[in-house]
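Reviewing the structure listed below.
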Amino acid sequence: MTLSELQRHLERRGLRTTQPRLRLLQFFVETEGHFTPEEIAERFRLAGEPIPIATLYQNLRVFSEHGLVGEVIGSGGEVRYDTNLTPHSHLRCNGCGTLLDVALALPDLQPQGQGHDWQITGARVELQGICPACQATAARGPEPTL
């Protein structure tokens, strides 16, 4: 996206255009994954364009509230910001904590019993399992000790 496209994207969401917001939006447009604020800050620092952590947290909150990023809870309970805004679910490895976006064909979800009269507006599904790398490690057995 060009700078003017990024600006228009923020303006369509009713957000004021600032340099940190433009840089953060560009990061999310160009990057796939699920990032903690600290990981994002480190990427900006390594690129020679640090963003103050308070500014980063404030803008992540605003982006989340305005639907520019999603939030997902990481394996350690930390909030991670999801760059994929298309409807999707997550697959988490119980071994290493890897988090993948997956597309699932879900049935029409409607609560039975309590909550049956609710209008459902969204759902979050997380599948858990063991990734191929952790399976291979487990199949090899423990590393020998000296």
Side-chain angles (χ1 to χ4, degrees), residues 1-111 114-140 142-143:
M1 286 184 127
T2 67
L3 184 61
S4 61
E5 289 172 327
L6 293 171
Q7 288 174 323
R8 282 194 303 275
H9 195 63
L10 288 172
E11 291 166 359
R12 280 193 302 269
R13 299 288 180 146
L15 295 175
R16 192 170 45 97
T17 301
T18 65
Q19 197 60 36
R21 285 182 180 167
L22 287 171
R23 290 173 47 214
L24 189 57
L25 183 58
Q26 185 170 21
F27 170 81
F28 284 125
V29 166
E30 296 175 352
T31 311
E32 291 183 11
H34 311 89
F35 303 95
T36 65
E38 292 76 17
E39 291 168 344
I40 296 168
E42 181 65 7
R43 288 197 180 207
F44 278 105
R45 187 189 68 75
L46 291 173
E49 302 175 347
I51 292 180
I53 197 73
T55 300
L56 180 61
Y57 271 97
Q58 177 185 8
N59 282 298
L60 287 170
R61 181 185 49 78
V62 169
F63 276 24
S64 179
E65 290 171 354
H66 286 83
L68 292 170
V69 294
E71 290 185 6
V72 62
I73 303 301
S75 60
E78 73 281 6
V79 174
R80 293 186 164 273
Y81 292 89
D82 191 349
T83 61
N84 181 354
L85 296 179
T86 62
H88 68 282
S89 298
H90 292 108
L91 179 59
R92 180 187 315 275
C93 178
N94 292 333
C96 65
T98 295
L99 189 63
L100 294 177
D101 291 345
V102 294
L104 294 176
L106 295 174
D108 184 22
L109 300 175
Q110 185 60 43
Q114 187 175 2
H116 73 280
D117 53 350
W118 284 47
Q119 179 182 1
I120 305 303
T121 59
R124 292 186 183 187
V125 175
E126 178 182 288
L127 304 173
Q128 299 174 5
I130 307 296
C131 73
C134 288
Q135 291 175 50
T137 300
R140 283 194 303 269
E143 294 290 321

Is a side-chain donor-acceptor pair under 3.5 Å present for [Y] with [X]?
X	Y	answer
Asn84	His34	no
Glu11	Gln7	no
Glu78	Thr36	no

Whether over 12 other heavy atoms sit under 6.0 Å from Gln114 CD: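 No, not enclosed.
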So with a 6.0 Å cut-off around CD of Gln128, is the heavy-atom count from everything else above 12?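 Buried by this count: over 12 neighbours within 6.0 Å.
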Begin with the C-alpha distance, continue with both residues' side-chain angles, and end with the deciding distance and a verdict on side chain to side chain contact (heavy atoms under 4.5 Å, CB included) for Thr18 and Leu10. CA-CA 9 Å; Thr18 65; Leu10 288 172; over 6 Å; no
Closest heavy-atom pair and its distance - [X], [Y]:
X	Y	result
Thr83	Thr31	OG1-O, 3.1 Å
Phe63	Leu25	CE2-N, 3.7 Å
Cys96	Cys131	SG-SG, 3.8 Å
Thr55	Pro20	CG2-CB, 3.8 Å
Ala41	Ile53	CB-CD1, 3.9 Å

Flag side-chain contact, heavy atom, 4.5 Å: [X] against [Y]:
X	Y	answer
Tyr81	Glu71	yes
Asp101	Asp82	yes
Phe28	Leu68	no
Arg23	Gln19	yes
Asn59	Ile51	no

Determine yes or no for a side-chain-to-main-chain donor-acceptor pair under 3.5 angstrom, with [X] supplying the side chain and [Y] the backbone.
X	Y	value
Thr137	Ala133	yes
Thr98	Cys93	no
Arg21	Arg16	yes

Which residues pass the ring-ring contact (aromatic ring centres under 6.0 Å, His included) test with His88, not counting sequence neighbours?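 ring-ring contact (aromatic ring centres under 6.0 Å, His included) list for His88, sorted by chain: His90.
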What verdict does the side chain to side chain contact (heavy atoms under 4.5 Å, CB included) test give for Val79 and Leu60, after you've listed the backbone C-alpha separation in whole Å, the side-chain angles of each residue and the deciding distance to 0.1 Å? CA-CA 11 Å; Val79 174; Leu60 287 170; over 6 Å; no
Once you round to the nearest 0.5 Å, how far does CG of Leu24 lie from CD of Gln26?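 One finds 10.5 Å between CG of Leu24 and CD of Gln26.
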With rounding to the nearest 0.5 Å, note down the distance linking CZ in Arg8 to CG in Leu3.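 Going from the CZ atom of Arg8 to the CG atom of Leu3 covers 10.0 Å.
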Salt bridge (charged side-chain N to carboxylate O under 4.0 Å, His left out) with Glu39: which residues, sequence neighbours excluded?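 Only Arg80 meet the salt bridge (charged side-chain N to carboxylate O under 4.0 Å, His left out) criterion with Glu39.
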